[in-house]
Amino acid sequence: MNSLYNHALKQSHSLQKDLDKFQSGQDASAGLQGQISAAFNALQRSIDDYDNMAKRELIAVKKETALTRVTKFRQELQEMRIRFESIKKQQENIMHEQNRDSLLRRTNRTATNIPENPYQPMTREAFAMREEAFVHNTDSQLDDFITQAQNLLENLTDQHSVLKKAQKKILDTANYLGLSKNTIRYIERRSSQDKWIFYGGIIITILIIGAIIHYF
């Protein structure tokens with residue numbers, strides 16, 4: 001019977017921690033909410049099992065202690081259920097407020113940027129702001145392209161270094177094992193082809209970076 005009590009106690013503590021995490025906003029995912037709901041059901045079954053075991057206890061003192069614990073467990077479970085529903089309602093209200101504020105900001109931004117008359121020409125200030133935003137976005141995209149190209153070039157360089165080390169090890173192993181000269185020449189020819197592929201990749205990458213800088 002003590003094992004059932006300890007198991008239910010452990011479930012209760014774990015459930016309290018999940019509720020604290022949910023209430024603090026650390027994790028408000030649907031996954032955690034489903035986990036908490038499943039934990040409620042598991043704890044309810046453990047309490048029922050402990051209650052049945054307590055009712056069959058022959059020693060009066062142990063029986064009274066166990067039934068008192070059952071009453072406490074059921075009270076705590078009910079309080080945790082109420083707390084869970086209250087937190088869910090709070091989280092839903094917070095989410096509703098955030099969505100409403102986001103919608104209002106988008107509406108205000110749209111009303112500010114779009115003239116009342118859609119056929120009315122844009123003012124010089126509005127046109128300048130739009131041009132500035134376009135240039136900023138273009139610069140940001142160019143930076144992203146160049147960064148990606150640089151990363152590709154670095155990856156090619158690393159791969160070339162790895163291939164050179166692998167080639168040296170293969171040739172050393174081939175010489176040690178006494179492989180034929182034709183086999184060694186095939187390995188060297190294959191390595192030479194990989195080297196040209198590497199240099200071709202570098203040239204293509206440099207051309208792409210040059211084209212981006214020149215045309216944009």
Side-chain angles (χ1 to χ4, degrees), residues 1-113 136-137 140-141 143-145 147-152 154-159 161-163 165-166 169-170 173:
M1 189 164 62
N2 286 334
S3 61
L4 282 175
Y5 169 72
N6 291 331
H7 181 63
L9 190 62
K10 183 178 180 181
Q11 288 178 313
S12 179
H13 290 166
S14 178
L15 193 50
Q16 290 283 5
K17 290 181 180 179
D18 288 340
L19 287 172
D20 292 339
K21 186 187 300 183
F22 183 39
Q23 186 173 20
S24 65
Q26 181 180 354
D27 186 356
S29 63
L32 179 62
Q33 296 182 45
Q35 177 179 321
I36 292 174
S37 297
F40 279 138
N41 295 331
L43 180 57
Q44 181 67 62
R45 289 193 296 270
S46 297
I47 295 173
D48 292 339
D49 292 340
Y50 185 60
D51 187 17
N52 293 331
M53 186 71 69
K55 291 177 180 178
R56 293 197 298 268
E57 176 61 49
L58 299 178
I59 302 175
V61 176
K62 290 185 177 181
K63 182 176 183 179
E64 183 180 357
T65 302
L67 292 176
T68 302
R69 289 173 174 176
V70 168
T71 302
K72 184 178 179 182
F73 272 137
R74 294 193 187 282
Q75 182 179 356
E76 290 177 350
L77 179 60
Q78 182 63 25
E79 291 174 354
M80 286 189 289
R81 289 185 186 275
I82 294 174
R83 181 186 175 193
F84 180 53
E85 294 300 326
S86 176
I87 295 172
K88 281 204 302 184
K89 186 173 292 185
Q90 291 176 4
Q91 295 289 349
E92 290 173 358
N93 291 337
I94 292 173
M95 185 65 66
H96 176 72
E97 290 295 328
Q98 290 176 348
N99 292 337
R100 188 175 65 86
D101 292 342
S102 178
L103 179 61
L104 288 175
R105 284 196 297 270
R106 288 198 299 268
T107 303
N108 292 335
R109 190 181 302 116
T110 303
T112 302
N113 294 337
H136 176 74
N137 293 333
S140 178
Q141 292 177 357
D143 291 339
D144 292 339
F145 289 147
T147 301
Q148 293 176 3
Q150 290 175 343
N151 292 335
L152 177 60
E154 291 176 359
N155 291 335
L156 288 173
T157 304
D158 293 339
Q159 292 177 8
S161 176
V162 172
L163 288 174
K165 292 179 180 179
K169 289 183 179 180
I170 292 173
T173 304

| Point-to-point distance, once rounded to the nearest 0.5 Å, from CG of Leu32 to CG of Asp27 | 4.5 Å
| query | So, do Gln11 and Leu15 sit near enough that their side-chain heavy atoms are less than 4.5 Å apart? | reply | no
| task | Report yes or no: does Gln91 contribute a side-chain atom to a donor-acceptor pair with the main-chain N or O of Phe22 at less than 3.5 Å? | result | yes
| Roughly how far, to the nearest 0.5 Å, is the OG atom of Ser3 from the CE atom of Met53? | 7.5 Å
| remark: When rounded to the nearest 0.5 Å, the distance separating CG of Asp18 from CD of Gln26 is 10.5 Å
| field | Point-to-point distance, once rounded to the nearest 0.5 Å, from NZ of Lys89 to CD1 of Ile94 | value | 13.5 Å
| query | Has the side chain of Thr68 got a donor or acceptor atom that lies under 3.5 Å from a matching backbone atom of Glu64? | reply | yes
| message | Looking at Arg45 and Asp49, is any side-chain nitrogen of the basic one under 4.0 Å from a carboxylate oxygen of the acidic one? | response | no
| field | Distance-only donor-acceptor check, side chains Glu97 and Asn93, under 3.5 Å | value | no
| Residues which pass salt bridge (Lys or Arg N to Asp or Glu O under 4.0 Å) with Arg83, listed by chain and number, not counting sequence neighbours | Asp20
| task | Answer yes or no for Arg69 and Tyr5: cation-pi contact, defined as NZ/CZ to six-membered ring centre under 6.0 Å and angle to ring axis within 45°. | result | yes
| task | Evaluate the side-chain proximity of Lys63 to Leu67: yes if any heavy-atom separation is below 4.5 Å, no if none is. | result | yes
| message | Would you compute the distance between atom CG of Leu19 and atom OG of Ser86 and round it to the nearest 0.5 angstrom? | response | 11.0 Å
| task | Examine distances only and state if a side-chain atom of Asp51 and a backbone atom of Ile47 form a donor-acceptor pair shorter than 3.5 Å. | result | no
| task | Nearest 0.5 Å please: distance from the NE2 atom of His13 over to the CG atom of Leu43. | result | 10.5 Å
| Set of residues satisfying salt bridge (Lys or Arg N to Asp or Glu O under 4.0 Å) with respect to Glu79, sequence neighbours excluded | none
| query | Are Asp48 and Arg74 close enough that some pair of their side-chain heavy atoms sits under 4.5 Å apart? | reply | yes
| task | Could you pull out all residues at least two apart from Lys21 that satisfy salt bridge (Lys or Arg N to Asp or Glu O under 4.0 Å)? | result | none
| field | Where Val70 and Tyr50 come nearest, the two heavy atoms and their spacing | value | CG2-CD2, 3.4 Å
| said: I'd like to know if the side chain of Ser37 and the backbone of Gln33 have a donor-acceptor N/O pair within less than 3.5 Å. | reply: yes
| task | May I ask you to decide if Val61's main-chain N or O and Thr65's side chain share a donor-acceptor pair within less than 3.5 Å? | result | yes
| query | Taking NZ, NE, NH1 and NH2 as the nitrogens, is one of them in Glu85 or Lys88 under 4.0 Å from a carboxylate oxygen of the other? | reply | yes
